[in-house]
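Here the structure is laid out as structure tokens; the discussion comes afterwards.
Every chain is numbered from 1 and lettered A, B, ... according to where its sequence line falls, protein lines coming before strand lines. Since the model is a prediction, treat every value here as computed from it, not as a measurement.
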2 protein chains.
Amino acid sequence: MSRARNDATDQLSFELHTTARLLRRNYDRRARAHGLTRSKWQVLWSLAREEGVKQAELAERLDVAPISLTRQLDILEQEGLLVRRRDEQDRRCFRIYLTAAAQPALTTLRELAELTRGEALAGLSFEEIVQLKSLLERIRLNLGKEE
Amino acid sequence: MSRARNDATDQLSFELHTTARLLRRNYDRRARAHGLTRSKWQVLWSLAREEGVKQAELAERLDVAPISLTRQLDILEQEGLLVRRRDEQDRRCFRIYLTAAAQPALTTLRELAELTRGEALAGLSFEEIVQLKSLLERIRLNLGKEE
DNA sequence: CCATTTTAATAAGCATGCTTATAATAAGTC
DNA sequence: GACTTATTATAAGCATGCTTATTAAAATGG
């Protein structure tokens with residue numbers, strides 16, 4: 001690869017990190033007033049799509065290390081937004097369920113997401129968003145291949 | 001915006017974060033053997049492009065909070081890869097310079113970046129990379145507008 | 001010229017997510 | 001059935017980056 005192409009792709013990597021960080025910062029600033037964060041929003045969002053999953057499954061779905069998820073769940077459980085229930089078939093595992101208190105939080109977080117999204121994606125067409133998502137997904141799959 | 005579009009763009013946000021995190025993890029695992037990280041690589045890379053900048057300028061360039069940069073510089077200075085020199089015109093500021101020891105580190109980090117890049121971008125055309133970068137840049141600029 | 005405001009860098013404290021190590025349980029093997 | 005291996009969740013410790021607060025120096029305004 002030429003130096004010029006290397007530079008272009010180095011810049012891509014920095015661009016990717018910076019954009020992700022700014023996006024997180026934007027969302028976290030909004031969520032802070034509610035005692036929540038982008039990271040917890042992602043956990044709750046995933047559980048809203050499918051409850052009753054094991055921690056290991058959830059971690060896999062979120063593409064985070066299991067221990068990274070553990071602490072998030074500790075806090076969210078402590079705040080009463082979810083519960084861990086022992087799996088009776090496999091007593092090593094917990095299955096995670098949202099509580100009733102999670103519903104209004106989800107509604108709020110969804111609204112905040114819309115605000116951040118509105119700022120972030122201003123001027124991008126739906127087609128561009130879809131394409132961006134698709135390109136990122138290919139990179140993510142490349143990186144997740146051998147884990 | 002419809003719920004379907006919201007979902008698509010929520011997913012974009014998660015995709016962006018996950019991809020960035022996996023990219024960082026991939027690079028950090030390689031850099032670890034050399035006592036460095038992706039974040040420090042980015043600082044050194046920026047300085048390699050232009051030395052003698054003030055911390056505030058560098059932070060602005062990297063799009064990080066000044067205090068976030070301070071600690072990175074502390075460590076990199078301690079490791080002898082850069083030096084802070086007082087600006088004699090404005091004694092509040094330091095100007096940052098790379099040391100000779102930074103050169104071999106830069107070479108190594110550049111090689112590691114190429115490895116991560118090779119994995120991450122497998123199957124993407126140069127045109128796709130350029131487009132991805134451009135889309136991310138637009139989002140970054142949207143988010144950086146009022147700071 | 002002095003007082004106020006702004007800017008540059010740092011400090012303290014918090015949240016995320018990693019690596020490596022550990023305890024408990026399940027699954028596989030002899 | 002007993003022993004070994006693999007899996008699930010957690011603990012300890014580290015790196016990044018944020019918010020809010022602080023200190024020193026410069027810029028501004030009266």
With sequence neighbours excluded, residues passing side-chain contact (heavy atoms from CB on, under 4.5 Å) with A:Arg92: A:Asp90
Residues in salt bridge (Lys or Arg N to Asp or Glu O under 4.0 Å) contact with A:Glu137, at least two apart in sequence or another chain: A:Arg140
Can you give the donor-acceptor pairs under 3.5 Å from side chains of residues 62-71 of chain B to other protein atoms, not counting sequence neighbours?
unit_1  : atom_1 : unit_2  : atom_2 : d
B:Thr70 : OG1    : B:Pro66 : O      : 3.1

N/O contacts under 3.5 Å, protein versus nucleotides 1-8 of chain C?
unit_1 : atom_1 : unit_2  : atom_2 : d
C:dT7  : O2     : B:Arg92 : NH1    : 2.8

Tell me, please, the opening and closing nucleotides of DNA chain D, 5' to 3', among those with an atom under 4.0 angstrom from a non-hydrogen atom of chain B. D:dA15 to D:dA26
DNA chain C nearest-nucleotide lookup for A:Arg91 and A:Pro66: closer to the 5′ end is A:Pro66
Return the set of residues passing side-chain contact (heavy atoms from CB on, under 4.5 Å) with A:Asp28 (not counting sequence neighbours), or none when no residue passes. A:Arg24, A:Thr37, A:Arg38
Please list, chain by chain and in numerical order, all residues satisfying salt bridge (Lys or Arg N to Asp or Glu O under 4.0 Å) with A:Glu128, sequence neighbours excluded. B:Arg138
Residues passing the side-chain hydrogen bond (donor to acceptor under 3.5 Å, both in side chains) test with A:Arg91, sequence neighbours excluded, are A:Glu88
With A:Glu50, which residues qualify under salt bridge (Lys or Arg N to Asp or Glu O under 4.0 Å), at least two apart? A:Arg61
Any side-chain donor near an acceptor of the partner, A:Ser13 and B:Arg117, under 3.5 Å: no
For B:Glu111, which residues count as a side-chain contact (heavy atoms from CB on, under 4.5 Å) partner, sequence neighbours excluded? B:Thr107
Counting any heavy atom closer than 4.0 Å, what does A:Arg21 reach on the DNA or RNA strands: base, sugar-phosphate only, or nothing? sugar-phosphate
side-chain contact (heavy atoms from CB on, under 4.5 Å) against A:Gln78, all qualifying residues, sequence neighbours excluded: none
How is B:Arg86 classified with respect to the nucleic acid when contacts are heavy atoms under 4.0 Å: base, sugar-phosphate, or nothing? nothing
Got a sec? Which of residues 33-44 of chain B come in under 4.0 Å of DNA chain D, heavy atoms? B:Thr37, B:Ser39, B:Lys40
At under 4.0 Å between heavy atoms, what does A:Arg71 touch on the DNA or RNA strands: base, sugar-phosphate, or nothing? base
